[in-house]
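Notes follow once the structure below has been shown.
Keep in mind that the numbers below use all heavy atoms, side chains included, and drop hydrogens, waters and symmetry copies. FYI, the numbering just counts along the sequence from 1.
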Amino acid sequence: MKQQTARLGLLSIALGLSACTTTFQETKIDYKSAGKNQAPSLEVPPDLTQLSQDSRYTVPGGVVSAAAMQANAKAAKPTDNNTAANQIGDVRIERDGAEHWLVVDRAADKLWEPVRDFWLENGFIYSMEDRQLGILETDWAENRAKLPQDIIRKSLGKVFDSLYSTSERDKFRTRLEREPDGKTRVYVTHRGMEEVYTSGQKDNTIWQPRARDPELETEFLRRIMVKLGVSEEQASAVAKADKSAAVTSTGARMDTVNGVPVLQMNEGFERAWRRVGVALDRTGFTVEDRDRSRGVYYVRYVDPNAKAETKGFFSKIFSRGKEAAAPVKYQILVKGQGDKSQVSVLNEQGQPDTSANGQRIIRVITDDLK
């Protein structure tokens, strides 16, 4: 009787909520992170494990989500180097094909706190934050705006929010890159995972990587512009992706030079450097440092075939299912050759790496740039 009474009470609450709610404002983005004191975090893809950081930040309280804007955009006209730019105040958004980033006329140290606060205000927590490197990476998070918005969900979901979940998780990396002239480039890259059935009986699921969402990357860049002082209307007008813009091919292809696996690109150094950096962000490498004058990214890589202690089945799906093997340091060298560039992997001592790992790293970057 007590259970029946409780169920009737919940039903009454649901009907009351539905009666009081006549209209619902739809949002495209409403994230809730999976972290401490919440749902378990997803395991990172095993082939590109990130290095654990000591600095962790947990957000107390609930989710704060920004409302999605619906404004018409003005398409930017591409310049001779296929880069479109629009500037408002000291904030400029640039585009090269499908890639977008911000150029801000402020030092990276001045941008760190507002950009860091931005992701917290949008419902995320951090799995990595390194002020010296200018990297902020969120934990895996769920876009609650993708949940079905039927009358039952809108009513009962407010009471039992944890009962509803999507089959997708997202994480975002923000990189603040210092320019020689004192300005800062702001990159946002997306990584996604999706839960899929492993058989026709639908009795088991696994998490696997899914394609990145460039529209999400652009939308969050737009919102960062607002955080930095640009109005909603202005940010929407300049950040809307020009769907007619041609996506230029990098001509990325694997090759072997003197027995060393390399990536050949039909790009000059500047564009190759930028695109390789974005590819490293998007594929989850831990970038320890970078030296643009030498064309070197210093990264850490975990061999997926290295032996590691395995925990239980549930831990394989959520959180860190394995005690990751020790990461190995590598250097990713971008060398310009006129209007072309060559990317190779060096070991920690700066010598060409011909190991299976070196070849695999080149393949991962190549696949992302194709």
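- Checked for salt-bridge contact, Glu94 and Arg92 meet the test: a charged N lies under 4.0 Å from a carboxylate O.
- Aromatic ring pairs are classed by plane angle as parallel below 30°, tilted from 30° to 60° and perpendicular above 60°; the pair Phe124 and Trp119 is perpendicular.
- Summarising the local packing, CG of Asn258 is surrounded by 12 or fewer heavy atoms from other residues, nucleotides or ligands at distances under 6.0 Å.
- The existence of a salt bridge linking Arg292 and Glu179 is confirmed by a sub-4.0 Å separation between a basic side-chain nitrogen and an acidic carboxylate oxygen.
- Taking the side chain as every heavy atom from C-beta outward, Trp112 and Leu136 approach each other to under 4.5 Å.
- At a threshold of 4.5 Å between non-hydrogen side-chain atoms, the residues Thr286 and Tyr301 do not count as touching.
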Give the C-alpha distance, both sets of side-chain angles, the deciding distance and a yes or no for side-chain contact (heavy atoms from CB on, under 4.5 Å) between Arg290 and Arg175.
CA-CA 12 Å; Arg290 63 183 73 88; Arg175 177 162 53 91; 2.9 Å; yes

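- Between Arg212 and Glu99, at least one side-chain N (NZ, or NE/NH1/NH2) sits under 4.0 Å from a carboxylate O, which counts as a salt bridge.
- With salt bridges taken as basic N to acidic carboxylate O contacts below 4.0 Å, none links Arg191 and Asp170.
- Residues Val186 and Val230 share a single hydrophobic cluster, defined by chaining ILVMFWY side chains whose heavy atoms lie under 4.5 Å apart.
- Both Leu216 and Val238 are assigned to one and the same hydrophobic cluster, defined by single-linkage of ILVMFWY side chains at heavy-atom distances under 4.5 Å.
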Test log, rule side-chain contact (heavy atoms from CB on, under 4.5 Å), inputs Gln264 and Lys340
CA-CA 8 Å; Gln264 304 285 9; Lys340 298 183 184 297; over 6 Å; no

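- For Asp353, the side-chain contact (heavy atoms from CB on, under 4.5 Å) partners two or more places apart in sequence, or in a different chain, are Tyr330, Val345, Asn347, Ser355.
- Across all non-hydrogen atoms, the minimal contact from Val287 to Arg173 is CG2-NH1, 4.4 Å.
- For the pair Val115/Thr174, a side-chain contact is recorded, criterion being any heavy-atom separation below 4.5 Å from C-beta on.
- The environment of NZ in Lys335 is sparse: at most 12 heavy-atom neighbours from other residues, nucleotides or ligands sit within 6.0 Å.
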Leu221 vs Tyr187, side-chain contact (heavy atoms from CB on, under 4.5 Å): CA-CA, chis, key distance, verdict
CA-CA 8 Å; Leu221 283 174; Tyr187 297 93; over 6 Å; no

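- In this structure, Gly295 and Trp273 approach most closely via the heavy-atom pair C-CZ3, 3.3 Å.
- The side-chain heavy atoms of Lys227 and Asp117, taken from C-beta on, include a pair separated by under 4.5 Å.
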Can you list the steps and then say if Ser231 with Gln234 is a side-chain hydrogen bond (donor to acceptor under 3.5 Å, both in side chains)?
CA-CA 5 Å; Ser231 72; Gln234 289 174 321; 3.1 Å; yes

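- Arg271 is listed as a side-chain neighbour of Asp96, based on a closest heavy-atom distance under 4.5 Å.
- Residue Glu177 holds its CD atom at 10.0 Å from CD1 of Ile135, rounded to the nearest 0.5 Å.
- Closest approach of Ser341 and Gly336 over heavy atoms only: OG-CA, 3.8 Å.
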Tell me, with the steps shown, if Thr184 and Arg106 meet side-chain contact (heavy atoms from CB on, under 4.5 Å).
CA-CA 6 Å; Thr184 305; Arg106 306 181 203 176; 5.5 Å; no

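- Separation of atoms CZ (Arg131) and CG (Leu133) is listed at 13.0 Å; rounding is to 0.5 Å.
- Put simply, Val260 and Tyr297 are part of two different groups of oily side chains (I, L, V, M, F, W, Y) that touch within less than 4.5 Å, one to the next.
- Rounded to the nearest 0.5 Å, atoms OG1 (Thr198) and CG (Asn204) are 4.0 Å apart.
- Side-chain contact between Val364 and Gln359: absent, with no pair of heavy atoms (C-beta onward) separated by less than 4.5 Å.
- Hydrophobic cluster membership is shared by Ile93 and Phe118, with clusters built from Ile, Leu, Val, Met, Phe, Trp and Tyr side chains linked at under 4.5 angstrom.
- By the 6.0 Å contact criterion, CD on Glu113 is enclosed, its count of non-hydrogen atoms from other residues, nucleotides or ligands being greater than 12.
- Here Asp255 contributes atom CG and Met265 contributes atom CE; the two are 14.0 Å apart, rounded to the nearest 0.5 Å.
- Here the closest heavy-atom approach between residue Gln349 and residue Gln331 is recorded as C-NE2, 4.4 Å.
- A side-chain contact (heavy atoms from CB on, under 4.5 Å) with Met254 is found for one member of Val262, Thr366, Leu263, Asp367 and no other, namely Thr366.
- The other residues sharing a hydrophobic cluster with Leu346 are Val296, Tyr298, Leu333, where clustering joins ILVMFWY side chains under 4.5 Å apart.
- Remark: the backbone N or O of Ile206 is not paired with any side-chain donor or acceptor of Glu195 at under 3.5 angstrom.
- Using modelled atom types, one side-chain atom of Arg210 and one backbone atom of Met193 make a donor-acceptor pair closer than 3.5 Å.
- No side-chain heavy atom of Val196 sits less than 4.5 Å from a side-chain heavy atom of Thr205.
- Using modelled atom types, one side-chain atom of Arg253 and one backbone atom of Gly251 make a donor-acceptor pair closer than 3.5 Å.
- With 3.5 Å as the limit, one finds no donor-acceptor pair spanning the side chains of Glu215 and Thr218.
- Residues Leu102 and Met225 have side chains in contact (heavy-atom distance under 4.5 Å, counting atoms from C-beta outward).
- Nearest heavy atoms, Thr138 versus Lys171: OG1-CA, 3.5 Å.
- Across Ala235 and Val226, no two heavy atoms sit closer than the pair CB-CG2, 3.7 Å.
- Taking CD1 of Ile365 as the reference point, atom NZ of Lys370 lies at 13.0 Å (rounded to 0.5 Å).
- No side-chain donor from either of Ser167 and Glu194 sits under 3.5 Å from a side-chain acceptor of the other.
- Between Asp105 and Lys110, no side-chain nitrogen of the basic residue sits less than 4.0 Å from a carboxylate oxygen of the acidic one, so the salt-bridge criterion is not met.
- A salt bridge links Arg223 with Glu219: the distance from a Lys NZ or Arg NE/NH1/NH2 to an Asp or Glu carboxylate oxygen falls below 4.0 Å.
- Under a hydrophobic-cluster definition in which Ile, Leu, Val, Met, Phe, Trp and Tyr are linked whenever side-chain heavy atoms come within less than 4.5 Å, directly or via other members, Leu111 and Phe172 are assigned to the same cluster.
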